[in-house]
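The structure appears right after this line, and notes come after that.
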Amino acid sequence: MGGRYMIQAWQAFRARPIVPRVRRFYPGGFEQQMTKREASLILGVREHSPPDKIKEAHRRVMVANHPDSGGSHFLASKINEAKDMLTGKFRGGSSVF
């Protein structure tokens with residue numbers, strides 16, 4: 001009885017549709033004025049994350065998008081602006097671009 005159940009469960013497992021588990025990224029463009037929500041979406045952290053999590057997320061995203069390694073200056077400025085916004089060092093205004 002247990003063997004029959006295991007065979008049926010295995011067949012059901014193998015017959016299920018394969019759904020790719022792709023991480024979804026923020027689809028929209030940038031807003032004129034950076035908000036905490038947008039900053040958290042850029043860095044991939046929560047709005048009220050501790051500073052060490054924000055710093056690690058900033059490092060991870062900057063390594064992937066640094067201008068010296070082929071990344072965009074615009075994206076780098078937005079990533080830095082997002083880190084400043086979430087750590088409380090935001091001076092107002094927007095990025096250079």
Side-chain angles (χ1 to χ4, degrees):
M1 193 111 160
R4 183 183 304 167
Y5 175 76
M6 290 298 290
I7 291 171
Q8 289 175 348
W10 177 252
Q11 289 173 345
F13 176 75
R14 289 187 59 204
R16 78 190 194 299
I18 298 173
V19 178
R21 296 183 187 247
V22 179
R23 184 173 178 186
R24 303 225 184 253
F25 293 100
Y26 182 55
F30 296 111
E31 298 175 11
Q32 288 288 57
Q33 185 71 22
M34 176 83 60
T35 62
K36 282 197 168 212
R37 180 180 181 277
E38 183 181 25
S40 64
L41 287 171
I42 289 170
L43 294 179
V45 296
R46 294 177 186 244
E47 289 183 33
H48 302 288
S49 295
D52 58 329
K53 291 245 185 202
I54 294 170
K55 186 176 179 180
E56 174 60 34
H58 174 261
R59 177 171 161 55
R60 186 182 63 245
V61 175
M62 274 304 284
V63 165
N65 295 295
H66 199 275
D68 291 344
S69 60
S72 166
H73 289 281
F74 177 72
L75 286 179
S77 70
K78 284 295 189 178
I79 293 166
N80 287 330
E81 186 179 354
K83 182 191 76 158
D84 291 343
M85 170 66 78
L86 291 177
T87 56
K89 298 178 183 174
F90 190 64
R91 296 187 283 289
S94 61
S95 73
V96 176
F97 297 99

Do any side-chain atoms of residues 40-52 form donor-acceptor pairs under 3.5 angstrom with protein atoms, and if so which ones, sequence neighbours left out?
from : atom 1 : to  : atom 2 : distance (Å)
S40  : OG     : K36 : O      : 3.3
S40  : OG     : R37 : O      : 2.7
S49  : OG     : R46 : N      : 3.1
S49  : OG     : R46 : O      : 2.9

Quiz item: What distance separates S69 OG from M62 CE, expressed to the nearest 0.5 Å?
Solution: 8.5 Å
Quiz item: Just wondering, do T87 and K55 contact through their side chains at under 4.5 Å, heavy atoms?
Solution: no
Quiz item: Can you find a pair of side-chain heavy atoms, one from M34 and one from K78, that are under 4.5 Å apart?
Solution: yes
Exercise. Tell me, with the steps shown, if E31 and T35 meet side-chain contact (heavy atoms from CB on, under 4.5 Å).
Key: CA-CA 8 Å; E31 298 175 11; T35 62; 3.4 Å; yes
Quiz item: Residues in side chain to side chain contact (heavy atoms under 4.5 Å, CB included) with Y5, at least two apart?
Solution: none
Exercise. Hey, could you give me the NZ/CG distance between K53 and L86, rounded to the nearest 0.5 Å?
Key: 14.0 Å
Quiz item: When you look at N65 and F74, which way does the side-chain contact (heavy atoms from CB on, under 4.5 Å) test go after all the steps?
Solution: CA-CA 10 Å; N65 295 295; F74 177 72; over 6 Å; no
Quiz item: Given a cutoff of under 4.5 Å between side-chain heavy atoms of I, L, V, M, F, W and Y, with clusters grown through shared members, what are the other residues clustered with W10?
Solution: F13
Exercise. Report the distance from atom NZ of K83 to atom NZ of K89, rounding to the nearest 0.5 Å.
Key: 5.5 Å
Quiz prompt | Nearest-0.5 Å distance that lies between atom CD1 in I79 and atom CZ in R60 | solution = 10.5 Å
Quiz item: Which heavy atom in S72 sits nearest to a heavy atom in P67, and how many Å separate them?
Solution: O-CG, 4.0 Å
